[in-house]
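Structure first, commentary second.
These numbers come from the heavy atoms of this one structure, side chains and all, not from hydrogens, waters or symmetry mates.
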Amino acid sequence: MPAAFSPSRRWMIGAAAVGTAAVQFGVARAEAGPIARFTTVKQIQAGDLDVGYVDQGPANGPVVLLLHGWPYDIHSYVDVAPLLTAKGYRVIIPHLRGFGTTRFLSADALRNGQQAAIAQDAIALLDALKIERAIVAGYDWGARTAAILAAVWPERCKALVSVSGYLILDRSTTGAPLPPKAELQWWYQYYFSTARGQAGYAKYTHDFARLIWETASPKWRFDDAVFARSAVALDNPDHVAVSIHNYRWRLGLVEGETKYDALERKLAALPSVTIPTITIEGDANGAPHPEPAAYAKRFTGRYEHRLFTGGVGHNPPQEAPAEFAKAIFDVDRL
């Protein structure tokens, strides 16, 4: 049976200690309330991008690469980061392509959202930062990217923490119809396949994102300030194009770039993850996600699955940061 983890239980440090660590490592808390922000976002050219990223903790500490999902941003990890840095980890949190301060170096580049492109971005960032090896962790787009790194570049990954498990896509299978209730959960994927959907997302980006947050995490009671903190990242000039391309590419409606063909062929074979892994699921995840039994066999190394209880939805690092940080500490010891 999977281990159950409730946000009401605390294995890590208390709220006061989190606040102290946040101040020390570049996270500011608003005077009027508990909301925190990353105060320093660095930039570095890596691959096709000028990447905006947070870099916290000791420069010589073991590295943790934290990857966010759609339509969220780096602040999914604003309460996880100080827990990690307080234990001596160096934490790298990039804005994915199409989010925040990350920009394409070429105005002519395809605003490509295919899985191989986003994964290659992560490897390029590690190369640019001269990081040989990292624990990789993520949810949503970030979980897929982290799993790709772990499966294809295991020599660069010490361990993996992945929400909803194994999300690597074999695009040749994505055309198969699902039962109606499952298709209903993917309504926005089909909306994005239309010109009206692209125009609608461009016009109502923030409203759309908030709806996704609410439906994907129906028991998460975030407030306006918490949403607004992340919504700014969706104002990136490439955000709509990258998002639309991602979902259209999944359905086979658009092509990616030929330079990623070899990597996509590897991914279509659904390679196993051999490094130590902890997968996570929230007990109130309202977004489409596979059952743990469906992907357990993809993890052939040391492996554990955890169920986060107490109403945790699609974004566990933000909804249950202490439990998410503990998964990272634990996978480092598997």
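Closest approach of L160 to A150, counting heavy atoms only: CD2-CB, 4.0 Å. A pairwise comparison of heavy atoms in A116 and L263 identifies CB-CD2, 3.6 Å as the closest pair. Minimum interatomic distance between T274 and P154 (heavy atoms only, all atoms of both residues): OG1-CB, 4.3 Å. Closest approach of G88 to P58, counting heavy atoms only: O-CG, 3.2 Å. Closest approach of K219 to G311, counting heavy atoms only: CB-O, 3.6 Å. Considering every non-hydrogen atom in both V51 and P94, the closest pair reads CG1-CB, 4.0 Å.
Classification of the Y72-Y139 ring pair by plane angle, with boundaries at 30° and 60°, yields perpendicular. Using cut-offs of 30° and 60° on the angle between ring planes, the pair F324 and Y77 is tilted. A tilted orientation is assigned to the rings of W187 and F208, their planes being inclined by 30° to 60°. Note on ring orientation: taking the six-membered ring where Trp is involved, the planes of Y201 and W70 are tilted (angle from 30° to 60°).
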Pair R250, L169 - check side chain to side chain contact (heavy atoms under 4.5 Å, CB included), show working. CA-CA 8 Å; R250 294 192 203 190; L169 292 172; 3.8 Å; yes
Between V242 and F104, is the side chain to side chain contact (heavy atoms under 4.5 Å, CB included) condition met? List the steps. CA-CA 11 Å; V242 170; F104 286 85; 4.0 Å; yes
Apply side chain to side chain contact (heavy atoms under 4.5 Å, CB included) to the pair H206 and D235, showing each step before the final yes or no. CA-CA 9 Å; H206 288 198; D235 296 333; 2.8 Å; yes
Evaluate the ring-ring contact (aromatic ring centres under 6.0 Å, His included) criterion for residues Y295 and Y166: first the C-alpha distance (whole Å), next the side-chain angles of each, then the deciding distance (0.1 Å), finally the verdict. CA-CA 6 Å; Y295 55 70; Y166 189 94; 7.9 Å; no
Intermediate values then yes/no, side chain to side chain contact (heavy atoms under 4.5 Å, CB included), V63 and R133: CA-CA 7 Å; V63 178; R133 201 161 176 245; over 6 Å; no
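Rounded to the nearest 0.5 angstrom, N285 CG and I280 CD1 are separated by 12.0 Å. We find the CZ-NE2 distance between R103 and H95 to be 9.0 Å, quoted to the nearest 0.5 Å. Summarising the geometry, atom NE2 belonging to H245 is positioned 4.5 Å from atom CG belonging to N112; distances are rounded to the nearest 0.5 Å. Q198 CD to S193 OG: the interatomic distance, rounded to the nearest 0.5 Å, is 11.0 Å. For the atom pair CD (Q115) and CD (Q120), the distance works out to 12.5 Å, reported to the nearest 0.5 Å. Considering CD of Q45 and CG of L125, their distance stands at 12.5 Å, rounded to 0.5 Å.
Under the 3.5 Å distance criterion, the side-chain polar atoms of E319 are matched with a main-chain donor or acceptor of N315. No side-chain donor-acceptor contact under 3.5 Å links H68 to the backbone of S76. Judged purely by atom type and a 3.5 angstrom limit, D50 has no side-chain atom pairing as donor or acceptor with the backbone of L105. Judged by distance alone, with hydrogens and angles left aside, the side-chain atoms of T194 form a donor-acceptor pair with the main-chain N or O of G197 at under 3.5 Å. A donor-acceptor pair under 3.5 Å links the side-chain atoms of T277 to the main chain of I275, judged by distance alone.
V136 and L129 fall within the same hydrophobic cluster, where Ile, Leu, Val, Met, Phe, Trp and Tyr residues are linked whenever their side-chain heavy atoms come under 4.5 Å apart, directly or through other members. L253 is connected to I244 through a chain of hydrophobic side-chain contacts under 4.5 Å among Ile, Leu, Val, Met, Phe, Trp and Tyr, so both are in one cluster. L211 and V232 sit in two unconnected hydrophobic clusters of ILVMFWY residues. Membership requires side-chain heavy atoms under 4.5 Å apart, directly or through other members. In the hydrophobic clustering of this structure, V331 does not group with I92; members are Ile, Leu, Val, Met, Phe, Trp, Tyr whose side-chain heavy atoms approach within less than 4.5 Å, directly or through other members. One hydrophobic cluster, built from ILVMFWY side chains closer than 4.5 Å, cannot hold both L149 and L334; they sit in different ones.
Under the 4.0 Å criterion applied to side-chain N and carboxylate O atoms, R171 and E255 are assigned as salt-bridge partners. Ion pairing between D48 and K259 holds under the 4.0 Å rule for side-chain N and carboxylate O. A salt bridge links D127 to R156: at least one charged side-chain nitrogen sits closer than 4.0 Å to a carboxylate oxygen. The pair R210-D224 meets the salt-bridge criterion, with a side-chain N (NZ, NE, NH1 or NH2) lying under 4.0 Å from an Asp/Glu carboxylate O. Salt bridge annotation for R306-D330: present, with a cationic side-chain nitrogen under 4.0 angstrom from a carboxylate oxygen. In summary, R111 and D238 engage in a salt bridge, as defined by a charged side-chain N under 4.0 Å from a carboxylate O.
Contact annotation: the side chain of H305 never approaches that of I278 to less than 4.5 Å [non-hydrogen atoms, C-beta and beyond]. The side-chain heavy atoms of V54 and T40, taken from C-beta on, include no pair separated by under 4.5 Å. By the 4.5 Å heavy-atom criterion applied to side chains, I328 and L84 are counted as neighbours. V163 has its side chain out of reach of D140: every pair of non-hydrogen atoms, C-beta onward, lies at least 4.5 Å apart. The closest side-chain heavy-atom distance from E281 to S164 is below 4.5 Å. No side-chain heavy atom of I93 sits less than 4.5 Å from a side-chain heavy atom of Y53. Looking at S230 and W213, their side chains come closer than 4.5 Å, going by heavy atoms from C-beta outward. Between F38 and Q56 there is a side-chain heavy-atom pair separated by less than 4.5 Å.
The number of heavy-atom neighbours closer than 6.0 Å to CD of E132, taken from other residues, nucleotides and ligands shown, is 12 or below. Remark: Y190 OH is packed, more than 12 non-hydrogen atoms of other residues, nucleotides or ligands lying under 6.0 Å away.
Stacking of R196 on the aromatic ring of Y191 is not recorded, the 6.0 Å distance cut-off and the 45° axial limit not both being met.
Side-chain rings of F99 and H239 approach one another, their centers coming within less than 6.0 Å.
Using a 3.5 Å distance cut-off with no hydrogens or angles, the side chains of S106 and D108 do not pair a donor with an acceptor.
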